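See below for the structure under consideration.
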Amino acid sequence: MTERKIALLGAQMGWGAQKHETEWGSAQLQAQKLDHALRAQGLNIQSFSQIKALQPYSANEPALEINAKLKYIIDFNERLAYSLAQMMATDVFPVVIGGDHSIAMGTWSGVVDALDAYEDFALIWVDAHLDAHTPDTSLSQAIHGMPVAHLLGFGERKLAELLDARPKIKPEHFIYFGIRSFEQAEIDLVRSLGIRIYDIKEINAKGFETLFKEVIERLSKQVSHFGLTIDLDAFDPSDAPGVGSPEKNGLFKKDVLPALKGLAKNTKLAAVEIAEFNPTLDEQNKTQLLIHEILIEIFK
Ligand SMILES: NC(=[NH2+])NCCC[C@H](N)C(=O)O
Ligand SMILES: [Mn+2]
(Lines give C-alpha, C1' and ligand atoms only; values in the text may rest on other atoms or scores of the structure.)
(Ligands and ions follow the chains in the order given, each with its own letter.)
Protein backbone atom coordinates (compact mmCIF):
# COMPACT_ATOMS: atom_id res chain seq x y z
CA MET A 1 0.00 0.00 0.00
CA THR A 2 1.33 3.46 -0.85
CA GLU A 3 1.49 6.18 1.77
CA ARG A 4 0.14 8.72 -0.67
CA LYS A 5 -2.59 11.07 0.50
CA ILE A 6 -5.25 10.96 -2.18
CA ALA A 7 -7.76 13.65 -3.16
CA LEU A 8 -10.64 12.55 -5.37
CA LEU A 9 -11.95 15.27 -7.65
CA GLY A 10 -15.17 14.71 -9.58
CA ALA A 11 -15.25 16.58 -12.88
CA GLN A 12 -18.91 17.02 -13.73
CA MET A 13 -18.66 17.74 -17.43
CA GLY A 14 -20.74 16.28 -20.25
CA TRP A 15 -20.78 19.10 -22.82
CA GLY A 16 -17.79 17.58 -24.59
CA ALA A 17 -19.48 14.23 -25.25
CA GLN A 18 -22.19 13.40 -27.69
CA LYS A 19 -24.13 11.86 -24.80
CA HIS A 20 -24.05 14.53 -22.13
CA GLU A 21 -24.92 12.24 -19.19
CA THR A 22 -21.21 11.70 -18.51
CA GLU A 23 -21.71 14.86 -16.46
CA TRP A 24 -23.45 12.71 -13.85
CA GLY A 25 -20.75 10.05 -13.50
CA SER A 26 -18.73 11.44 -10.62
CA ALA A 27 -21.82 12.52 -8.65
CA GLN A 28 -23.10 8.97 -8.84
CA LEU A 29 -19.77 7.66 -7.52
CA GLN A 30 -19.94 10.09 -4.63
CA ALA A 31 -23.57 9.19 -3.88
CA GLN A 32 -22.53 5.54 -3.82
CA LYS A 33 -19.65 6.39 -1.48
CA LEU A 34 -16.66 5.42 -3.60
CA ASP A 35 -14.45 7.30 -1.10
CA HIS A 36 -15.71 5.23 1.86
CA ALA A 37 -15.25 1.99 -0.07
CA LEU A 38 -11.67 2.87 -1.00
CA ARG A 39 -10.88 3.95 2.56
CA ALA A 40 -12.24 0.65 3.85
CA GLN A 41 -9.64 -1.07 1.66
CA GLY A 42 -6.82 0.95 3.17
CA LEU A 43 -6.44 3.86 0.75
CA ASN A 44 -5.68 7.22 2.35
CA ILE A 45 -8.54 9.23 0.82
CA GLN A 46 -8.43 12.79 2.17
CA SER A 47 -11.37 14.28 0.29
CA PHE A 48 -13.90 13.86 -2.50
CA SER A 49 -14.86 17.20 -4.02
CA GLN A 50 -16.68 18.06 -7.23
CA ILE A 51 -16.34 20.68 -9.94
CA LYS A 52 -19.51 21.60 -11.81
CA ALA A 53 -20.17 23.15 -15.19
CA LEU A 54 -21.35 26.77 -15.31
CA GLN A 55 -24.52 25.40 -16.86
CA PRO A 56 -25.50 21.84 -15.96
CA TYR A 57 -26.94 19.52 -18.60
CA SER A 58 -30.66 18.95 -18.69
CA ALA A 59 -32.26 16.58 -21.16
CA ASN A 60 -35.32 18.86 -21.33
CA GLU A 61 -33.51 21.83 -22.79
CA PRO A 62 -32.61 22.43 -26.45
CA ALA A 63 -29.19 21.26 -27.67
CA LEU A 64 -26.36 23.79 -27.36
CA GLU A 65 -24.39 25.22 -30.27
CA ILE A 66 -20.69 24.33 -30.47
CA ASN A 67 -19.74 27.86 -29.35
CA ALA A 68 -21.87 27.62 -26.22
CA LYS A 69 -20.36 24.23 -25.38
CA LEU A 70 -16.91 25.63 -26.02
CA LYS A 71 -17.59 28.49 -23.62
CA TYR A 72 -18.62 26.10 -20.82
CA ILE A 73 -15.72 23.77 -21.52
CA ILE A 74 -13.15 26.57 -21.49
CA ASP A 75 -14.51 27.94 -18.21
CA PHE A 76 -14.62 24.45 -16.67
CA ASN A 77 -11.10 23.53 -17.70
CA GLU A 78 -9.71 26.83 -16.41
CA ARG A 79 -11.20 26.10 -12.98
CA LEU A 80 -10.15 22.45 -13.13
CA ALA A 81 -6.56 23.40 -13.97
CA TYR A 82 -6.43 25.82 -11.00
CA SER A 83 -7.88 23.18 -8.67
CA LEU A 84 -5.25 20.67 -9.74
CA ALA A 85 -2.47 23.18 -9.24
CA GLN A 86 -3.80 23.98 -5.76
CA MET A 87 -4.10 20.33 -4.77
CA MET A 88 -0.56 19.61 -5.85
CA ALA A 89 0.68 22.53 -3.78
CA THR A 90 -0.85 20.91 -0.66
CA ASP A 91 0.95 17.66 -1.32
CA VAL A 92 -2.05 15.46 -2.08
CA PHE A 93 -2.16 13.09 -5.00
CA PRO A 94 -5.02 14.07 -7.37
CA VAL A 95 -7.36 11.48 -8.84
CA VAL A 96 -9.71 13.17 -11.29
CA ILE A 97 -12.88 11.28 -12.18
CA GLY A 98 -14.99 12.45 -15.10
CA GLY A 99 -16.90 13.53 -16.82
CA ASP A 100 -16.15 13.40 -20.52
CA HIS A 101 -12.55 13.32 -21.70
CA SER A 102 -12.44 17.05 -22.54
CA ILE A 103 -11.50 17.40 -18.83
CA ALA A 104 -8.02 16.09 -19.69
CA MET A 105 -7.08 19.57 -20.90
CA GLY A 106 -7.70 21.08 -17.46
CA THR A 107 -6.30 18.17 -15.48
CA TRP A 108 -2.97 17.88 -17.28
CA SER A 109 -2.50 21.61 -17.80
CA GLY A 110 -2.87 22.03 -14.03
CA VAL A 111 -0.49 19.19 -13.23
CA VAL A 112 2.21 20.22 -15.70
CA ASP A 113 2.04 23.83 -14.57
CA ALA A 114 2.14 22.96 -10.86
CA LEU A 115 5.24 20.85 -11.42
CA ASP A 116 6.72 23.35 -13.88
CA ALA A 117 7.37 20.27 -16.02
CA TYR A 118 6.74 21.70 -19.48
CA GLU A 119 9.47 19.85 -21.34
CA ASP A 120 9.61 17.13 -18.81
CA PHE A 121 6.22 15.44 -18.40
CA ALA A 122 4.97 12.24 -20.00
CA LEU A 123 1.34 11.21 -20.38
CA ILE A 124 0.05 7.70 -20.91
CA TRP A 125 -3.30 7.88 -22.69
CA VAL A 126 -5.40 4.69 -22.50
CA ASP A 127 -8.34 5.02 -24.89
CA ALA A 128 -10.21 3.48 -27.81
CA HIS A 129 -9.95 6.84 -29.61
CA LEU A 130 -7.13 9.21 -30.49
CA ASP A 131 -9.03 12.33 -29.31
CA ALA A 132 -6.63 14.32 -31.50
CA HIS A 133 -9.01 16.51 -33.48
CA THR A 134 -9.09 20.29 -33.50
CA PRO A 135 -12.32 22.26 -34.05
CA ASP A 136 -11.21 22.58 -37.69
CA THR A 137 -10.97 18.83 -38.35
CA SER A 138 -13.65 17.19 -36.17
CA LEU A 139 -16.63 15.81 -38.06
CA SER A 140 -18.76 15.44 -34.91
CA GLN A 141 -17.54 18.73 -33.31
CA ALA A 142 -17.56 16.84 -29.99
CA ILE A 143 -14.88 18.46 -27.86
CA HIS A 144 -14.06 15.22 -25.98
CA GLY A 145 -12.56 14.12 -29.32
CA MET A 146 -10.03 16.99 -29.12
CA PRO A 147 -8.07 17.08 -25.81
CA VAL A 148 -4.87 15.48 -27.11
CA ALA A 149 -4.39 18.01 -29.91
CA HIS A 150 -4.84 20.85 -27.41
CA LEU A 151 -2.41 19.42 -24.84
CA LEU A 152 0.14 19.24 -27.65
CA GLY A 153 -0.47 22.91 -28.44
CA PHE A 154 -2.88 22.82 -31.41
CA GLY A 155 -6.45 24.03 -31.92
CA GLU A 156 -8.48 26.60 -29.96
CA ARG A 157 -6.00 28.92 -28.26
CA LYS A 158 -7.93 29.25 -24.98
CA LEU A 159 -7.80 25.47 -24.52
CA ALA A 160 -4.26 25.01 -25.80
CA GLU A 161 -3.02 27.85 -23.56
CA LEU A 162 -4.68 26.98 -20.25
CA LEU A 163 -2.54 28.52 -17.46
CA ASP A 164 0.37 29.04 -19.89
CA ALA A 165 0.86 29.63 -23.61
CA ARG A 166 3.32 26.74 -23.95
CA PRO A 167 2.26 23.27 -25.16
CA LYS A 168 1.83 21.05 -22.11
CA ILE A 169 3.33 17.83 -23.46
CA LYS A 170 5.95 17.01 -26.10
CA PRO A 171 4.98 14.40 -28.70
CA GLU A 172 7.86 12.12 -27.73
CA HIS A 173 6.51 12.03 -24.19
CA PHE A 174 3.00 11.04 -25.22
CA ILE A 175 2.03 7.34 -25.44
CA TYR A 176 -1.27 5.79 -26.50
CA PHE A 177 -2.65 2.39 -25.44
CA GLY A 178 -5.77 0.63 -26.72
CA ILE A 179 -6.50 2.63 -29.88
CA ARG A 180 -8.95 1.18 -32.39
CA SER A 181 -11.10 4.08 -33.67
CA PHE A 182 -10.13 7.37 -35.33
CA GLU A 183 -10.66 9.64 -38.31
CA GLN A 184 -8.06 10.43 -40.95
CA ALA A 185 -7.22 13.97 -39.81
CA GLU A 186 -6.32 12.84 -36.29
CA ILE A 187 -4.14 9.93 -37.32
CA ASP A 188 -2.41 12.28 -39.79
CA LEU A 189 -1.61 14.71 -36.96
CA VAL A 190 -0.48 11.97 -34.57
CA ARG A 191 1.74 10.29 -37.19
CA SER A 192 3.24 13.59 -38.34
CA LEU A 193 4.34 14.17 -34.74
CA GLY A 194 5.78 10.67 -34.41
CA ILE A 195 3.63 9.76 -31.38
CA ARG A 196 3.85 6.13 -30.29
CA ILE A 197 0.59 4.17 -30.50
CA TYR A 198 0.16 0.75 -28.95
CA ASP A 199 -3.00 -0.24 -30.79
CA ILE A 200 -5.23 -3.14 -29.90
CA LYS A 201 -3.52 -5.40 -32.45
CA GLU A 202 -0.05 -4.89 -30.99
CA ILE A 203 -1.40 -5.23 -27.43
CA ASN A 204 -3.10 -8.51 -28.30
CA ALA A 205 0.12 -9.80 -29.83
CA LYS A 206 2.52 -8.77 -27.04
CA GLY A 207 0.35 -8.42 -23.93
CA PHE A 208 -0.80 -5.25 -22.16
CA GLU A 209 1.23 -5.80 -19.02
CA THR A 210 4.53 -6.39 -20.86
CA LEU A 211 4.13 -3.30 -23.03
CA PHE A 212 2.85 -1.08 -20.22
CA LYS A 213 5.72 -1.99 -17.93
CA GLU A 214 8.27 -1.40 -20.69
CA VAL A 215 6.79 2.04 -21.27
CA ILE A 216 6.80 2.97 -17.58
CA GLU A 217 10.42 1.90 -17.30
CA ARG A 218 11.46 3.91 -20.34
CA LEU A 219 9.50 7.03 -19.37
CA SER A 220 10.87 6.89 -15.84
CA LYS A 221 14.33 7.37 -17.35
CA GLN A 222 13.26 10.14 -19.76
CA VAL A 223 11.15 12.51 -17.64
CA SER A 224 10.85 13.60 -14.03
CA HIS A 225 7.05 13.14 -13.84
CA PHE A 226 4.34 11.27 -15.67
CA GLY A 227 0.55 10.91 -15.60
CA LEU A 228 -2.03 8.29 -16.51
CA THR A 229 -5.39 9.02 -18.09
CA ILE A 230 -7.84 6.20 -18.69
CA ASP A 231 -10.86 6.64 -20.93
CA LEU A 232 -13.13 3.79 -19.86
CA ASP A 233 -14.07 3.16 -23.50
CA ALA A 234 -10.58 1.69 -23.92
CA PHE A 235 -12.08 -1.38 -22.26
CA ASP A 236 -14.22 -3.89 -24.04
CA PRO A 237 -17.92 -3.01 -23.67
CA SER A 238 -18.39 -6.33 -21.85
CA ASP A 239 -16.20 -4.96 -19.03
CA ALA A 240 -17.23 -1.27 -19.28
CA PRO A 241 -20.70 -0.85 -20.77
CA GLY A 242 -21.25 2.52 -19.05
CA VAL A 243 -19.61 4.77 -21.66
CA GLY A 244 -21.11 6.96 -24.36
CA SER A 245 -18.78 6.01 -27.24
CA PRO A 246 -18.28 2.22 -26.90
CA GLU A 247 -15.98 0.42 -29.34
CA LYS A 248 -15.88 -3.33 -29.83
CA ASN A 249 -12.75 -5.47 -29.37
CA GLY A 250 -11.34 -3.54 -26.46
CA LEU A 251 -8.99 -4.17 -23.56
CA PHE A 252 -10.04 -6.61 -20.87
CA LYS A 253 -9.75 -5.78 -17.20
CA LYS A 254 -8.17 -9.16 -16.50
CA ASP A 255 -5.21 -7.99 -18.60
CA VAL A 256 -5.09 -4.32 -17.56
CA LEU A 257 -5.59 -4.51 -13.78
CA PRO A 258 -2.44 -6.60 -13.09
CA ALA A 259 -0.37 -4.07 -15.04
CA LEU A 260 -1.61 -1.22 -12.84
CA LYS A 261 -0.80 -2.96 -9.59
CA GLY A 262 1.31 -0.78 -7.31
CA LEU A 263 1.79 1.93 -9.93
CA ALA A 264 1.48 4.70 -7.32
CA LYS A 265 4.67 3.43 -5.67
CA ASN A 266 6.47 4.99 -8.61
CA THR A 267 7.25 8.45 -7.22
CA LYS A 268 7.22 9.93 -10.72
CA LEU A 269 3.50 9.27 -11.08
CA ALA A 270 1.95 12.72 -10.55
CA ALA A 271 -1.81 12.20 -11.01
CA VAL A 272 -4.42 9.81 -12.37
CA GLU A 273 -7.54 10.55 -14.38
CA ILE A 274 -10.47 8.25 -15.25
CA ALA A 275 -12.93 9.62 -17.81
CA GLU A 276 -16.16 8.97 -19.68
CA PHE A 277 -18.23 7.10 -17.07
CA ASN A 278 -21.87 7.42 -18.18
CA PRO A 279 -23.98 6.04 -15.32
CA THR A 280 -27.18 5.93 -17.41
CA LEU A 281 -25.60 3.28 -19.66
CA ASP A 282 -24.01 1.08 -16.99
CA GLU A 283 -25.11 -2.55 -16.65
CA GLN A 284 -25.03 -4.38 -13.32
CA ASN A 285 -22.73 -1.62 -12.01
CA LYS A 286 -19.88 -3.14 -14.04
CA THR A 287 -18.30 0.16 -15.02
CA GLN A 288 -18.62 1.59 -11.53
CA LEU A 289 -16.96 -1.52 -10.14
CA LEU A 290 -14.18 -1.23 -12.71
CA ILE A 291 -13.38 2.33 -11.56
CA HIS A 292 -13.12 1.06 -7.99
CA GLU A 293 -10.88 -1.83 -9.06
CA ILE A 294 -8.59 0.40 -11.12
CA LEU A 295 -7.98 2.67 -8.13
CA ILE A 296 -7.39 -0.22 -5.76
CA GLU A 297 -4.77 -1.72 -8.08
CA ILE A 298 -2.97 1.57 -8.64
CA PHE A 299 -2.69 2.43 -4.94
CA LYS A 300 -2.22 -0.94 -3.32
N1 LIG B 1 -13.41 10.79 -25.54
C2 LIG B 1 -14.11 10.14 -26.46
N3 LIG B 1 -14.95 9.20 -26.14
N4 LIG B 1 -13.91 10.49 -27.74
C5 LIG B 1 -14.65 9.91 -28.83
C6 LIG B 1 -14.36 10.61 -30.12
C7 LIG B 1 -15.04 9.97 -31.29
C8 LIG B 1 -14.78 10.60 -32.64
N9 LIG B 1 -13.42 10.42 -33.06
C10 LIG B 1 -15.14 12.07 -32.61
O11 LIG B 1 -14.26 12.90 -32.61
O12 LIG B 1 -16.29 12.42 -32.54
MN1 LIG C 1 -11.01 9.63 -24.84
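Numbers here simply count residues along the sequence, with the first being 1. The shown structure was predicted, so the numbers you read here are calculated from the model rather than taken from an experiment. One-based numbering, in listed order, for ligands and for the atoms of each.
Defined by atom type and a distance below 3.5 Å, a donor-acceptor pair is present between the side-chain atoms of Asp100 and Ser102.
The salt bridge (charged side-chain N to carboxylate O under 4.0 Å, His left out) test with Arg196 is passed by exactly one of Glu214, Glu202, Glu172: Glu202. Considering Thr137, Asp136, Asp131 in turn, Thr137 is the only one that fulfils the side-chain hydrogen bond (donor to acceptor under 3.5 Å, both in side chains) rule with His133.
Around the Mn ion (ligand 2), protein N, O or S atoms at less than 2.8 Å number 4.
The aromatic ring centroids of Phe299 and Phe93 lie less than 6.0 Å from each other. Between Phe208 and Phe177, the ring center distance clears the sub-6.0 Å criterion.
Applying the ring-ring contact (aromatic ring centres under 6.0 Å, His included) test to His20 and every residue at least two apart in sequence or in another chain returns Trp15, Tyr57. Listed by chain and number, the residues in a ring-ring contact (aromatic ring centres under 6.0 Å, His included) with His101 are Trp125 (sequence neighbours excluded).
Residues lining ligand 1 at a heavy-atom distance below 4.0 Å are given as His101, His129, Asp131, His133, Ser140, His144, Gly145, Glu183, Glu186, Asp231, Asp233, Ser245, Glu276, ordered by chain and residue number.
Glu65 CD: 12 or fewer foreign heavy atoms inside a 6.0 Å radius. Under a cut-off of 6.0 angstrom, the local environment of NZ in Lys268 is crowded, with over 12 non-hydrogen atoms contributed by other residues, nucleotides or ligands.
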